[in-house]
Amino acid sequence: MSGFEEENKRIESAKKCDSLFYDGNGSGNAIEIDFLNTNLAVPDDSDYTEEEYLNDYIDLLARAGENDQDGWSIISRDISKATLGDKEYICAKAVIDYHGNTEFHYFARKIDDELMCIIMMSLTDNESILDFEKLFE
């Protein structure tokens with residue numbers, strides 16, 4: 001196993017899925033809420049940031065796509081800031097080419113020195129990220 005795979009295995013094993021919601025119509029639209037214990041995920045990096053996590057995760061997705069038999073790929077990624085409710089998150093948007101384009105939006109925010117909240121949302125139809133953000137107003 002490569003260093004990349006070992007590191008991502010450690011990071012992903014330190015993450016706990018709290019909630020997972022699907023829209024129920026088979027479109028693939030979903031919301032997942034996870035929590036990451038950064039002390040377990042990256043014990044040698046006490047300053048592990050939300051942006052580092054999001055880049056690591058998108059890199060992991062890109063590698064998984066390279067190894068997938070259907071050969072999907074990430075065609076774009078963008079990192080910015082977003083506000084959900086009154087909390088500022090780092091937001092990463094990744095567009096994946098897999099039987100058409102699917103947008104994944106990842107929101108990450110450190111809750112304290114050792115816990116990070118990660119919210120993932122996938123959009124496969126004409127839903128808007130702004131509609132999702134309005135749920136937190």
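Note that the coordinates shown come from a computational prediction; the quantities given were computed from them, not determined experimentally. Atoms considered below: every heavy atom in the structure, side chains included; atoms not considered: hydrogens, waters and symmetry mates.
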Of all residues at least two apart in sequence or in a different chain, which pass the side chain to side chain donor-acceptor pair (under 3.5 Å) check with [X]?
{"X": "Asn37", "result": "none"}
{"X": "Lys15", "result": "Glu12, Tyr53"}
{"X": "Glu114", "result": "Asn39"}
{"X": "Asp18", "result": "none"}

### Task
I would like to know whether Ile111 and Phe35 meet side chain to side chain contact (heavy atoms under 4.5 Å, CB included); could you show each step before the answer?
CA-CA 9 Å; Ile111 295 172; Phe35 292 93; 3.6 Å; yes
Rounded to the nearest 0.5 Å, what separation is found between the [atom1] atom of [X] and the [atom2] atom of [Y]?
{"X": "Phe107", "Y": "Met120", "atom1": "CZ", "atom2": "CE", "answer": "11.5 Å"}
{"X": "Ile31", "Y": "Ile119", "atom1": "CD1", "atom2": "CD1", "answer": "8.5 Å"}
{"X": "His105", "Y": "Asp78", "atom1": "NE2", "atom2": "CG", "answer": "10.0 Å"}

### Query
Heavy atoms, side chains only, cut-off 4.5 Å: are Arg77 and Asn55 in contact?
yes
### Task
Could I get the full list of salt bridge (Lys or Arg N to Asp or Glu O under 4.0 Å) partners for Arg109, not counting sequence neighbours?
none
Looking only at heavy atoms, what is the nearest atom pair of [X] and [Y], with distance?
{"X": "Ile58", "Y": "Ala94", "value": "CD1-CB, 4.2 Å"}
{"X": "Thr38", "Y": "Asp113", "value": "OG1-O, 3.4 Å"}
{"X": "Cys17", "Y": "Asp34", "value": "CA-OD1, 3.1 Å"}
{"X": "Asp112", "Y": "Leu115", "value": "OD1-N, 2.9 Å"}
{"X": "Ile79", "Y": "Ala92", "value": "CG1-CB, 4.0 Å"}

### Message
Using the side-chain contact (heavy atoms from CB on, under 4.5 Å) criterion, which residues pair with Ile75? Sequence neighbours excluded.
### Response
Ser73, Val95, Asp97, Asn101
Side-chain polar contacts of residues 40-51 - donor-acceptor pairs under 3.5 angstrom, sequence neighbours left out - could you list them?
| unit_1 | atom_1 | unit_2 | atom_2 | d |
| --- | --- | --- | --- | --- |
| Asp45 | OD1 | Asp47 | N | 3.1 |
| Asp45 | OD1 | Tyr48 | N | 3.3 |
| Tyr48 | OH | Asp56 | OD2 | 2.6 |
| Thr49 | OG1 | Glu52 | N | 3.1 |
| Thr49 | OG1 | Glu52 | OE1 | 3.3 |
| Glu50 | OE2 | Lys110 | N | 2.9 |

### Query
Please, which pairs that meet side-chain hydrogen bond (donor to acceptor under 3.5 Å, both in side chains) have at least one residue in residues 79-92, sequence neighbours excluded?
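Applying side-chain hydrogen bond (donor to acceptor under 3.5 Å, both in side chains) to every pair that reaches into residues 79-92, excluding sequence neighbours, yields nothing.
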